Protein chains: 2
Amino acid sequence: MKTVSGSGLKLTPQRMAILGCLEGNRCHPSAEEIFRQVSQAYPMMSFATVYNTLSMLRDRGLVLELTIDPTRKRYDPNVTPHHHVICLACGKIADVHAEYDLNVPADIADAFVMSGNHVEFYGTCRACGNAAQPKGE
Amino acid sequence: MKTVSGSGLKLTPQRMAILGCLEGNRCHPSAEEIFRQVSQAYPMMSFATVYNTLSMLRDRGLVLELTIDPTRKRYDPNVTPHHHVICLACGKIADVHAEYDLNVPADIADAFVMSGNHVEFYGTCRACGNAAQPKGE
DNA sequence: TTTTTTGCAAAGGGTTTGCATCCCC
DNA sequence: GGGGATGCAAACCCTTTGCAAAAAA
């Protein structure tokens, strides 16, 4: 995650707590998960502050807002280009560090100015696969 | 879109209307858009039926449920493998017909059994770009 | 002091669910 | 008659918003 200093953000305790929760976090937490975790140290923390802070971080490019989970937004402090895989059984998301050559057809290149891309992989993680197979169901 | 016959679905007027609305539809409509359109011919149509039907079609692989739009699910009757681009300004989604070689790193291949993938492109469509540029804002 | 941020609570949008009714086989 | 489908409304979840109080610069 990029540093906050110099981006004009006021560094409040709430924001420090949220940043601390995100820093190095590889779990792709949702806003609610961040709220729950940060609330342990800051019981007065409100949802609004979490959402405000996440939106601000997203707008400044300090976190990525992932749409891969159909039920909620997830946040990733790793803003270097990478992709993701989601377990269709349990929803677990893992990073996929790979570079792909993703050229779009001419008609699309004509119709859109591209600013980025993201590959979503769908699969079943080992834990879910192991849980499902042995029973022979 | 694949045919419904032989999949055990009862072909009710409501479902025919929803299928008719989706057939060949390249607009990636949301459930609400489908509801509005189908309601014109079937004023008694309920949201529950739209959602029920879409879930059923999705479970049977007859439509794709897209998560590319962070605000709502969108549905695509074209179930042949393809990708999408979304305009970050207006939310318009277009198909990207291209095949990519998307091999995942060994650690991911070990941890997940892959079942599919999807590339999301982000950009600005010509309409939004034209609207933004000329004013020099 | 001036501006920003917080916390609370309510509202909002999209989706799901419970249940009685209805329809078709 | 019986299982499934429908319609309605309420419930639910996640997210956003309005506003007064509090905190930061």
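Labels below follow one simple rule: chain letters A, B, ... track the order of the sequence lines, proteins then strands, and each chain is numbered from 1. All values reported here derive from a predicted model rather than from experimental measurement. Just so it is clear, the values below take in all heavy atoms, side chains as well, and ignore hydrogens, waters and symmetry mates.
Among the nucleotides dT17(D), dA9(D), dG4(D), the one closest to any side-chain atom of Lys10(B) is dG4(D). Closest to the side chain of Tyr51(A), out of dT16(C), dT15(D), dC8(C), is dT15(D). Checking dG7(D), dT6(C), dA5(D) against every side-chain atom of Met44(B), the shortest atom distance belongs to dG7(D). The side chain of Thr12(B) lies closest to dA5(D) when the candidates are dT16(D), dA5(D), dT17(D). Out of dC14(D), dA9(C), dG7(D), the shortest distance to the side chain of Arg72(A) is found at dC14(D). Checked against dC13(D), dA5(D), dC8(C), the side chain of Ser46(A) finds its nearest nucleotide in dC8(C). Of the candidates dT6(C), dT6(D), dT17(D), dT6(D) carries the atom nearest the Thr53(B) side chain, counting heavy atoms from C-beta on. Counting only heavy atoms from C-beta on, Arg15(A) has its side chain closest to dT6(C) among dT16(C), dT16(D), dT6(C). Among dT6(D), dT17(C), dA24(D), the nucleotide with an atom closest to any side-chain atom of Gln14(B) is dT6(D).
Phosphate proximity of dG14(C) to Lys73(A): absent, as no side-chain N or O sits under 4.0 Å from OP1 or OP2. Residue Thr49(B) places at least one side-chain N or O closer than 4.0 Å to OP1 or OP2 of dG7(D).
Looking at Asp95(A), Asn78(A), Asp69(A) one by one, the single match for side chain to side chain donor-acceptor pair (under 3.5 Å) with His28(A) turns out to be Asp95(A).
The nearest whole Å value for the distance from the CE atom in Met45(A) to the C1' atom in dT5(C) is 12 Å. Going from atom CG of Leu11(A) over to atom C1' of dA23(D) covers 14 Å, rounded to whole Å. In this structure, Arg74(B) atom CZ and dG13(C) atom P are separated by 16 Å, rounded to whole Å. In this structure, OH of Tyr42(A) is placed 14 Å from C1' of dT6(C), rounded to the nearest angstrom. In this structure, the CG atom of Asp59(A) is 15 Å from the P atom of dT15(D), given to the nearest Å. Look at CG on Asn52(B): it is 13 Å from C1' on dC19(C), rounded to the nearest Å. As rounded to whole Å, 10 Å separates atom P of dT16(D) from atom CG of Leu54(A). Here the P atom of nucleotide dC14(D) and the CG atom of Asp69(A) are 10 Å apart, to the nearest Å.
The shortest side-chain heavy-atom distance between Val50(A) and Val38(A) does not fall under the 4.5 Å cut-off.
The residue Ser30(A) sits apart from the nucleic acid: no heavy atom pair falls under 4.0 Å.
Within the 3.5 Å criterion, the main-chain N or O of Tyr122(B) finds a donor-acceptor partner in the side chain of Ser115(A).
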Side chain to side chain contact (heavy atoms under 4.5 Å, CB included) evaluation trace for His82(B) with Asp76(B) = CA-CA 11 Å; His82(B) 65 289; Asp76(B) 189 340; 2.9 Å; yes
Under the side chain to side chain contact (heavy atoms under 4.5 Å, CB included) criterion, do His83(B) and His118(B) qualify, and how do the steps go?
-> CA-CA 6 Å; His83(B) 307 289; His118(B) 177 238; 4.1 Å; yes
